[in-house]
Amino acid sequence: MAIVETGYGKVEGSENNGIHGFRGIPFAASPAGERRWRPPEPPAPWSGVRAANGDWGKQAWQRVADNPDSPLSFVFNARNAAYRDEDCLQLNVWTPGLDGGKRPVMVWIHGGGFSGGTGGTPVYDGEIMSRRCDVVVVTINYRLGALGFLNLHEVTGGRIPATGNEGLLDQVEALKWIRDNITAFGGDPGNVTIFGESAGAMSVAGLLAMGPAKGLFHRGIAISGAASTANSLDRAAEISEGVLEELNLSGNDVDKLMAIHPEELVEATARYSARGHGMCYQPTIDGTQIEAMPLDAVRQGAADGVSLLVGTQRDEWRGFTVMNPTMSKLDENRLTAEIAKNVENPRAIIDGYREVRARRGAPTDPVTLYWTIETDRKMRIPAINLLEALSERGQNGYHYIFAGESPWEGGILGAPHAIIIGFVFGTHAFSEGSARYFGSGEATDALSGHLQDAFCTFARTGSPSTDAMPDWVSYDKETRSTGVFGTPVEVVNAPYDKERALWTGMEVSLPFGPERW
């Protein structure tokens, strides 16, 4: 058993085949009680040796995942519902050596729509990546939902100072802990890559735009989420008022809000979200911590000097569509009505996609067109917008598309949202459930290896180019160089470019904001 001395006390980890693992290390004090809805504070020091070799520890308060048959049930770790706790600000570390080795540090920010998930779950186990790549892997928790992303400053007149960015401030606090302590775990605090999927990717972009995060990381990988997700201050205030109505409270009920049980808060926020308000809980453009939409901040130089790797899965919205009993039965009229909610000229997009796909010999039925269009509107086009913003400033940004397909239910999901996770960590077959979703076998193992090599090479050098993908270069409007992870892995210039061109000049809703029309 290895013991490491941090700035707050000693922790004892475990060792498995040369990789040291540490679970449940507190990087901040409990944000409960009087600290609820306040910025995180450093943890209290402890005496003796703290055990960090047990289970995965606590997770932020969230709604319990209630569908054990979902292909992603193992990600959200519903069996750990008993571990929900406001005192959740912990992280996990995997390292090949406690030797001052100055290894690249890769910090994972989990997804879950800013309302669910945890950094402590087997699918995010960093052991395989750490061993293959000789890197230090860290996974973190942060406050979720209303406890992490609800702006209460406006509605309470400042009596509760929450800006709606407390969850991001938790991530900043974790990065500060890493800066100050990771050397003892064999990591290099001067070479930190933040990477995340879905809300984790949107967090990467949010941290780029956040003043307090400046200098705490040096590269970023945004998986299925770009820089076009944040609430305006007006919308944040509207959401907080709606949540208070669900609770039958007002902005004057400060004591009741501070004392309310997290379960009641979680259920009320879920009811409000379910009424068609889009993804309510996300970072807030409060004018202080975040001064602009992250994409605009990047255009103004917020990412200068920070290399980024940005991409999506080929069929992001396919799973959400085919698994929805209503959306999986769309006819042409309903397709038009759905696209019209978020696209200024729905017929131009629908007709354009149908023509492009027909020429390619791809399906053009209403259901397929819906998930294809939504994949691009919500995910791929925002990623390209971010990459173009980087290119215009002469900064390095690399684009990828992940095309590995899920075998779940005979392959009906294609290459859907979150399929990449098991390949990133090499945990695609850690259980029967994960293998059903990610796949298993030699080809799957090989694809995972290629992806890990690219991600870790990027963390080490700032470029994802590997022996298998030697001609992968920074993204620009001329070549649109893209690493495609499928069979085979290859670099392609301007894939799906005719679809991309259809969005030029088109007014659309924010990817995860309210419907616009």
Side-chain angles (χ1 to χ4, degrees), residues 65-67 69-73 75-76 111-113 115-116 197-199 201 223-226 229 273-274 276-279 311-343 346-347 349-358 360 362-383 401-421 436-439 486 496 499-500 502-503 506 508-517:
D66 56 4
N67 184 5
D69 296 323
S70 164
L72 286 175
S73 60
V75 173
F76 289 96
S115 294
E197 183 266 345
S198 197
I223 304 167
S224 301
T229 304
S273 299
H277 296 289
M279 191 172 74
T312 56
Q313 279 58 266
R314 188 192 63 203
D315 309 323
E316 291 276 3
W317 224 247
R318 181 168 170 172
F320 296 118
T321 303
V322 301
M323 296 293 289
N324 184 316
T326 300
M327 304 309 289
S328 63
K329 296 180 176 61
L330 283 179
D331 59 18
E332 195 69 24
N333 288 336
R334 181 70 187 277
L335 169 65
T336 303
E338 289 295 328
I339 300 302
K341 294 176 182 178
N342 293 296
V343 178
R347 282 314 322 172
I349 286 291
I350 293 169
D351 292 344
Y353 269 74
R354 178 166 276 131
E355 180 181 353
V356 168
R357 290 179 62 83
R360 197 181 293 140
T364 61
D365 59 277
V367 173
T368 300
L369 288 179
Y370 175 76
W371 64 253
T372 304
I373 290 169
E374 285 295 274
T375 288
D376 283 357
R377 182 183 74 83
K378 288 179 177 289
M379 295 288 186
R380 190 171 72 99
I381 299 306
I401 293 175
F402 187 81
E405 297 188 358
S406 171
W408 198 84
E409 294 294 322
I412 64 171
L413 304 179
H417 191 66
I419 185 66
I420 197 173
I421 293 172
R436 283 183 63 207
Y437 182 67
F438 297 120
Y496 307 108
E499 289 95 331
R500 178 203 60 78
L502 293 170
W503 297 94
M506 184 72 71
V508 298
S509 301
L510 290 172
F512 293 95
E515 295 167 352
R516 185 166 177 180
W517 287 280

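We count residues from 1, following the sequence as given.
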A.B. asks: Show your working on side chain to side chain contact (heavy atoms under 4.5 Å, CB included) between Met279 and Ser115 and close with a plain yes or no.
C.D. replies: CA-CA 9 Å; Met279 191 172 74; Ser115 294; over 6 Å; no
A.B. asks: For Arg347, which residues count as a salt bridge (charged side-chain N to carboxylate O under 4.0 Å, His left out) partner, sequence neighbours excluded?
C.D. replies: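 With sequence neighbours excluded, Arg347 shows a salt bridge (charged side-chain N to carboxylate O under 4.0 Å, His left out) to Glu332, Asp351, given in chain and number order.
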A.B. asks: Quick one, Phe512 with Met379, criterion side chain to side chain contact (heavy atoms under 4.5 Å, CB included). Give me CA distance, side-chain angles, the key distance, then yes/no.
C.D. replies: CA-CA 10 Å; Phe512 293 95; Met379 295 288 186; 3.6 Å; yes
A.B. asks: Going by the rule side chain to side chain donor-acceptor pair (under 3.5 Å), which residues pair with Arg318 if we only count those two or more places apart in sequence or in a different chain?
C.D. replies: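 Not a single residue meets the side chain to side chain donor-acceptor pair (under 3.5 Å) criterion with Arg318.
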A.B. asks: When Glu499 is tested against each of Arg360, Arg357, Arg380 for side-chain hydrogen bond (donor to acceptor under 3.5 Å, both in side chains), which residue passes?
C.D. replies: Arg360
A.B. asks: Less than 4.5 Å apart, any side-chain heavy atom of Ile419 and any of Phe438?
C.D. replies: yes
A.B. asks: Partners of Arg314 by side-chain contact (heavy atoms from CB on, under 4.5 Å), sequence neighbours excluded?
C.D. replies: Ile401, Ala403, Glu405, Ala415, Tyr496
A.B. asks: Among residues at least two apart in sequence or on other chains, which ones pass side chain to side chain donor-acceptor pair (under 3.5 Å) with Glu515?
C.D. replies: none
A.B. asks: For the pair Arg516 (side chain) and Asn342 (backbone), establish whether a donor and an acceptor sit closer than 3.5 Å, ignoring hydrogens and angles.
C.D. replies: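 Here the side-chain-to-backbone pair does not exist.
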A.B. asks: Applying side-chain contact (heavy atoms from CB on, under 4.5 Å), can you list everything that pairs with Val367, at least two apart in sequence or on another chain?
C.D. replies: Thr321, Leu330, Asp365, Trp371
A.B. asks: Using ring-ring contact (aromatic ring centres under 6.0 Å, His included) as the criterion, list what pairs up with Phe320, not counting sequence neighbours.
C.D. replies: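 For Phe320 the ring-ring contact (aromatic ring centres under 6.0 Å, His included) partners, ignoring immediate neighbours, are Trp317, His417.
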A.B. asks: Within the distance-only criterion (no hydrogens, no angle test), does the side chain of Ser328 pair as donor or acceptor with the backbone N or O of Asn324 below 3.5 angstrom?
C.D. replies: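 Yes, the answer is positive, given that a donor and an acceptor are paired below the 3.5 Å cut-off.
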